[in-house]
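Working notes, beginning with the structure itself.
It should be emphasised that the depicted structure is a prediction, and the values quoted were computed from it without experimental measurement.
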Amino acid sequence: MERIRRDLTHFPVTAPELGAGGAMPGTIRPQFATLVKKSYEADEIELKLPLARMGQVRTRRVGAGYVTTIRTSTPLTPIDPDDVDGSV
């Protein structure tokens, strides 16, 4: 924090400093971090994806409608098998 205050004198620091008595703040563990997701919806189909994965989704106009392509490294599978009745 001191380096930021020294290097960016024109930028006012209004948030309290983290860490007790100048100690380094704690480590953020990935399993406890909240993942920000972007939500999209069309024709009652909802798609939620992490911001880092937005480049894997493309939508293009085809005729009077749209085609959305999702590039994944694994096949699309149901989250809850009870939600699938096996019909197409």
Side-chain angles (χ1 to χ4, degrees):
M1 187 60 85
E2 274 309 310
R3 193 184 88 205
I4 292 172
R5 286 188 180 118
R6 183 183 65 242
D7 295 346
L8 302 171
T9 56
H10 63 282
F11 184 73
V13 178
T14 58
E17 185 172 340
L18 297 176
M24 290 295 292
T27 303
I28 297 174
R29 297 182 202 147
Q31 67 268 29
F32 297 116
T34 301
L35 192 62
V36 176
K37 293 187 177 184
K38 183 77 174 170
S39 297
Y40 295 92
E41 192 240 335
D43 295 338
E44 297 182 34
I45 299 170
E46 187 174 332
L47 174 65
K48 292 183 182 182
L49 62 145
L51 296 177
R53 303 266 186 186
M54 288 181 67
Q56 293 176 231
V57 178
R58 297 185 67 193
T59 299
R60 59 182 166 56
R61 190 171 185 90
V62 175
Y66 295 88
V67 172
T68 298
T69 305
I70 305 169
R71 184 176 40 84
T72 64
S73 58
T74 59
L76 189 64
T77 56
I79 294 173
D80 184 357
D82 294 335
D83 289 342
V84 179
D85 63 6
S87 63
V88 177

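Take Arg60 and apply the side-chain contact (heavy atoms from CB on, under 4.5 Å) test, not counting sequence neighbours, and it matches Val62, Val67. With sequence neighbours left out, the side-chain contact (heavy atoms from CB on, under 4.5 Å) criterion links Ile45 to no other residue.
For residues 44-59, every residue pair satisfying the salt bridge (charged side-chain N to carboxylate O under 4.0 Å, His left out) rule, not counting sequence neighbours, is listed here: Glu46-Lys48.
No path of Ile, Leu, Val, Met, Phe, Trp and Tyr side chains, each step under 4.5 Å between heavy atoms, connects Val57 with Tyr66, placing them in separate hydrophobic clusters.
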* To do: Please step through side-chain contact (heavy atoms from CB on, under 4.5 Å) for the pair Ile70 and Leu47, ending with a clear verdict.
  => CA-CA 10 Å; Ile70 305 169; Leu47 174 65; 4.1 Å; yes
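Residue Gln56 comes nearest to Arg71 through the heavy atom pair NE2-O, 2.6 Å, listed as atom of the first residue, atom of the second, then distance.
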